[in-house]
Amino acid sequence: MYCGKYVSHRRYRKNKKLTALLVSVTLILGIGIGSTVAYLLDNTGAVTNTFTPANISVDVEETFQNNTKTDVYIRNNSNIKVYIRATIVVYWKKGNDIVAPPANGSVGITMGTSQKWIDKNGVYYYTEALAPNAETDNLIEKVSVELPEGYPYHLDVHAEAIQADGLGADSAQDAWAKAKAKEVQS
């Protein structure tokens with residue numbers, strides 16, 4: 001019996017020491033964490049989360065004199081870098097009716113010489129991301145028209161822009177393909 005009490009007493013002392021150690025460690029950690037949190041709350045100023053939404057806007061710039069359109073390019077009015085693509089639509093009107101093409105009429109479009117514009121099935125992609133307030137190289141150098149009387153021509157350049165960052169795209173074509181893929185997934 002004596003031996004049993006001695007073993008029990010030993011276990012009791014060991015458990016008592018372990019309990020005291022755990023309480024001490026918990027107390028030290030609690031004081032340390034509490035002090036750190038109190039310090040950070042007291043000494044850290046307010047953080048303002050600023051988020052500026054993207055504003056994407058482009059303009060087609062051109063010179064038009066003596067029935068001749070020249071120097072057609074696109075300007076990025078956005079607040080972010082964008083990729084540009086454009087289409088060219090040529091049509092003639094007689095009164096309110098669209099006639100394309102009229103008899104005995106012709107239009108000659110001299111495209112710009114920049115290697116930065118590439119034609120993919122009538123859609124022109126600008127190969128570089130365009131910074132805010134920057135402009136592309138000339139898409140069209142000159143448009144010459146020979147039409148019979150009463151058939152004024154119209155040449156419209158439709159430009160589109162898509163943000164350059166955030167899609168993981170490395171070209172204008174890739175940006176539109178990835179945007180379309182994300183649209184299909186939605």
Q: Mind checking side chain to side chain donor-acceptor pair (under 3.5 Å) for D156 and listing every partner two or more places apart, or none if nothing turns up?
A: Y91
**Q.** Exercise: identify the closest heavy-atom pair between L155 and K69
**A.** O-NZ, 2.7 Å
Q: With rounding to the nearest 0.5 Å, note down the distance linking CG in D137 to NZ in K116.
A: 4.5 Å
(Q) Can you list everything that forms a side chain to side chain donor-acceptor pair (under 3.5 Å) with E61? Sequence neighbours excluded, please. (A) none
(Q) The test is side chain to side chain contact (heavy atoms under 4.5 Å, CB included); show your working for I109 and I88 and say whether it passes. (A) CA-CA 10 Å; I109 300 175; I88 300 169; 4.1 Å; yes
(Q) My understanding is that only residues two or more places apart in sequence, or in another chain, count here; which of them pass side chain to side chain donor-acceptor pair (under 3.5 Å) with E135? (A) R75
(Q) Same cluster or not: I80 versus I84, using hydrophobic residues (I, L, V, M, F, W, Y) connected whenever any side-chain heavy atoms lie under 4.5 Å apart? (A) yes
Q. S78 versus I56: any side-chain heavy-atom pair under 4.5 Å?
A. yes
Q.
Is the shortest side-chain heavy-atom distance between V157 and L139 below 4.5 Å?
A. yes
**Q.** Check: T63 side chain, D71 main-chain N or O, donor-acceptor pair, under 3.5 Å
**A.** no
Q) Mind checking whether V143 and T70 have side chains closer than 4.5 Å, heavy atoms only? A) no
Q) Which residues, ordered by chain and number, are linked to L29 in its hydrophobic cluster, where ILVMFWY side chains connect at heavy-atom gaps below 4.5 Å, directly or through other members? A) L21, V25
(Q) Just to verify, what does D174 make a salt bridge (charged side-chain N to carboxylate O under 4.0 Å, His left out) with, not counting sequence neighbours? (A) K178
(Q) Could you check whether any side-chain heavy atom of M111 comes within less than 4.5 Å of a side-chain heavy atom of Y124, counting everything from C-beta outward? (A) yes
Q: Kindly write out the residues that satisfy side chain to side chain contact (heavy atoms under 4.5 Å, CB included) with D165, not counting sequence neighbours, or none if the list is empty.
A: K81
Q. If you look at every heavy atom in E160 and W176, which pair is closest and at what distance?
A. O-CH2, 3.6 Å
Q.
Suppose we screen for side chain to side chain donor-acceptor pair (under 3.5 Å). Which residues come up paired with N79, at least two apart in sequence or across chains?
A. none
(Q) For W117, give me all partners under ring pair (Phe, Tyr, Trp, His ring centres under 6.0 Å), at least two apart in sequence or on another chain. (A) Y126
Q | Heavy-atom pair with the smallest gap, counting every atom of N77 and V58 | A | ND2-C, 4.1 Å
Q: Would you name the heavy atoms of N76 and A131 that are closest together and state the gap between them?
A: ND2-O, 3.0 Å
Q) Apart from L27 itself, what residues make up its hydrophobic cluster when side-chain heavy atoms of I, L, V, M, F, W and Y under 4.5 Å apart count as a link, directly or indirectly? A) I31
Q: Give the minimum heavy-atom separation between V123 and R85, together with the two atoms involved.
A: CG1-CD, 3.9 Å
Q.
Minimum heavy-atom separation for I74 and L130, please, with both atom names.
A. O-CD2, 4.0 Å
Q | salt bridge (charged side-chain N to carboxylate O under 4.0 Å, His left out) partners for K142, two or more places apart | A | none
Q: Decide yes or no on side chain to side chain contact (heavy atoms under 4.5 Å, CB included) for Q173 and I118, but give the supporting numbers first.
A: CA-CA 10 Å; Q173 287 176 272; I118 55 171; 3.2 Å; yes
Q.
Among residues at least two apart in sequence or on other chains, which ones pass salt bridge (charged side-chain N to carboxylate O under 4.0 Å, His left out) with E141?
A. none
Q: Please name all residues satisfying side chain to side chain contact (heavy atoms under 4.5 Å, CB included) with A175, sequence neighbours left out, ordered by chain then number.
A: Y83, I162, L167, A169
